[in-house]
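All ligand and atom numbering here is 1-based and tracks the order in the structure. When a residue number appears, it is its place in the shown sequence, counting from 1.
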Amino acid sequence: MPIRTVYAANIDHLQILDENAVLDEKLAKWPDGSPVLKDSDVLELYQYMMKCRMLDEVAFKLQRSGRMGTYPQNKGQEAAAIGSAFALERGTDWLVPCYRENAALWMHGLPMHYVLLHWMGDERGNQIPKGVKQTPLCIPIGTQPLHAVGISWAMKMRKEKAVACTYFGDGATSEGDVHEAMNFAATFATPTIFLCQNNHWAISVPRETQTASETIAQKAIAYGMPTMQVDGNDLFAVYRAVKEARNRAVAGGGPSFIEAVTYRLADHTTADDARRYRDEKEVEAWRGKDPIIRLRKYLTTRNLWSDAQQATLEQQGSAMVSEVVKAAEGITAPTNDDIFDYVFEKLTPELELQKRTMRTHSLGQGIGAEQLQR
Ligand SMILES: Cc1ncc(C[n+]2csc(CCOP(=O)(O)OP(=O)(O)O)c2C)c(N)n1
Ligand SMILES: [Mg+2]
C-alpha cells in the first residue's frame, strides 16, 4: 500500500497596497467589480489612523511626565486596528481586545479618554458604556479569545447575525487559552474572528523564538478553520480579509483566523527599552513600511490628499487630543463607596461595616464581632 497524503495545506498571504503604496488594482476590487474600499472610506480611515497616532504620542509623553502609569504604544499597528474595525458592524459585532488596537475601540464607540483612564489606573476607564459592544482592555495575555468564543457562541444560540472579533499578539499564541478558544470555536462553528497581530515581538522575545512554525496562521489549520496571513500594515488587505471572515461567519460558516503581519515601532510599553534587545536596522526597515506613511503616499499620488489638508488634520488632531487628555485628567476623584459598589449586588455584613467605617477589624481598629452584629 503506498503512503497517501491525508492532508495538505498552504497559507495565502494577502497584500493589496504594497510598501511603495502601489495598489493591486485587481485585488482592490470585489468579484462584482466594486471597490474593496471607496476613496471616501480611505480618506476617513487615514484620518482615524493619524489621530490615533497623535494620541499615542501624547499618551507616551503623559507617562514620561508622571501623569500616567504605564502605556503600550500602538504605533505602527494602526492599519490592523482600523482596517478590521471598519469591516465589523458597530453596535452589532463585539470587539474583544488586548491593548494594542485603541483605534478599533474608538471607531466602535469607546470614548477616547477611557483608554487613558485605564492606563492612569482609574477603573472607570473599564466601565464600557451601554450599547458599546466591547470588553475592557485585557492584560492577562491570551485570555480574551475565550471570552470572544463565549460571546459568539451565545450570539449563535440567539440566532443573531453578528460576530465577535478578538485581538491578540504573536506571543499570545503560546498560551493554552488561545488554543482552547480556537478548538472550541471551530468545533461549535461559532462566529468568531481570531485576529492575531504578529508584531514580531512579545516584549523581548522575537517571533522566531516564540514558535517553530513558519507562520502563525498555520496553527489554525489544525483546528479546522479558514486561515490566512495578511500584510497587517496594508489597510486594504486587513479590511478585505476581515470582511470576508465576517461574511462567512454571519452566513453560518464559523470562525476564521487572520494573522496580520505588522511591527511594533515603539517599545513594548513605557516600562521597556527595546534598544536593549532589538537591532535598530530592523526597526528602521519597518519604519519604511509604516502604514500611515504608506496610505498618505497612496492618497497623495491619487490627488486625494494635499499638504494643506495634512496641516489642517494635524491642527484638528492636536485640538482633539487636548480635549481627550482634559477629559481624562479632569474626571472627578472616585468616592470611597466606589471601592465597594461594583463587586457584590448586596454587600456582606462585614463589607457593609467596612464601607460605613472605612476601617477593617483585621487591622486592629477596634471593630469586632460585636459591632458586626449590630
Ligand atoms: C498570562 C500573562 N503572562 C505574562 C504576561 C506578561 N506580558 C505582558 S505583555 C507580554 C507579551 C505579549 O506579547 P504579544 O502577545 O506578542 O503582544 P504584544 O505586546 O506584542 O502586542 C507578556 C509576556 C501577562 N500580561 N499575562
Ligand atoms: Mg507581539
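Counting heavy atoms closer than 4.0 Å to ligand 1, residue N199 contributes side-chain atoms (C-beta onward) but none from N, CA, C or O. By the criterion of a heavy-atom distance under 4.0 Å, the backbone of P140, and not its side chain, is placed next to ligand 1. Looking at R264 against ligand 1, nothing comes within 4.0 Å, counting heavy atoms.
Residue E175 approaches ligand 1 through these ligand atoms, each under 4.0 Å from one of its heavy atoms: 1 (C), 3 (N). The R100 neighbourhood of ligand 1 comprises atoms 18 (P), 19 (O), 21 (O), with distances under 4.0 Å to a heavy atom of that residue. The A172 neighbourhood of ligand 1 comprises atoms 15 (O), with distances under 4.0 Å to a heavy atom of that residue. For ligand 1, the atoms sitting less than 4.0 Å from at least one non-hydrogen atom of H268 are 9 (S), 19 (O), numbered in the order shown with element in parentheses. The ligand atoms of ligand 1 that sit less than 4.0 angstrom from a heavy atom of W201 are 16 (O), 20 (O).
A side-chain donor-acceptor contact under 3.5 Å links E101 and Q197. Under 3.5 Å, the side chains of E123 and N126 contain a donor-acceptor pair of N or O atoms. Between the side chains of N10 and D12, at least one donor-acceptor pair of N or O atoms lies under 3.5 Å. A donor atom on one side chain and an acceptor atom on the other are not found under 3.5 Å apart for Y99 and T269. In summary, the side chains of D290 and Y263 do not present any donor paired with an acceptor at a separation below 3.5 Å, with no hydrogens or angles considered. With no hydrogens or angles considered, a side-chain donor-acceptor pair links D56 and Q73 at under 3.5 Å.
Of the protein's non-hydrogen atoms, Y99 OH, 2.6 Å is the one closest to atom 19 (O) of ligand 1. Considering only non-hydrogen protein atoms, atom 14 (P) of ligand 1 sits nearest to G171 N, 3.4 Å. Counting only heavy atoms of the protein, atom 25 (N) of ligand 1 lies nearest to I139 O, 2.9 Å. Scanning the protein heavy atoms around atom 5 (C) of ligand 1, the nearest turns out to be I141 CG1, 3.9 Å.
For D170, the N, O or S atom with the smallest separation from the Mg ion (ligand 2) is OD1.
In summary, W201 places an N/O/S atom under 2.8 Å from the Mg ion (ligand 2), meeting the contact criterion. The Mg ion (ligand 2) has an N, O or S atom of N199 inside 2.8 Å of it.
Less than 6.0 angstrom separates the ring centroid of Y277 from the ring centroid of W201.
Both tests pass for K289 against the ring of W286: distance under 6.0 Å to the centre and angle within 45° of the axis.
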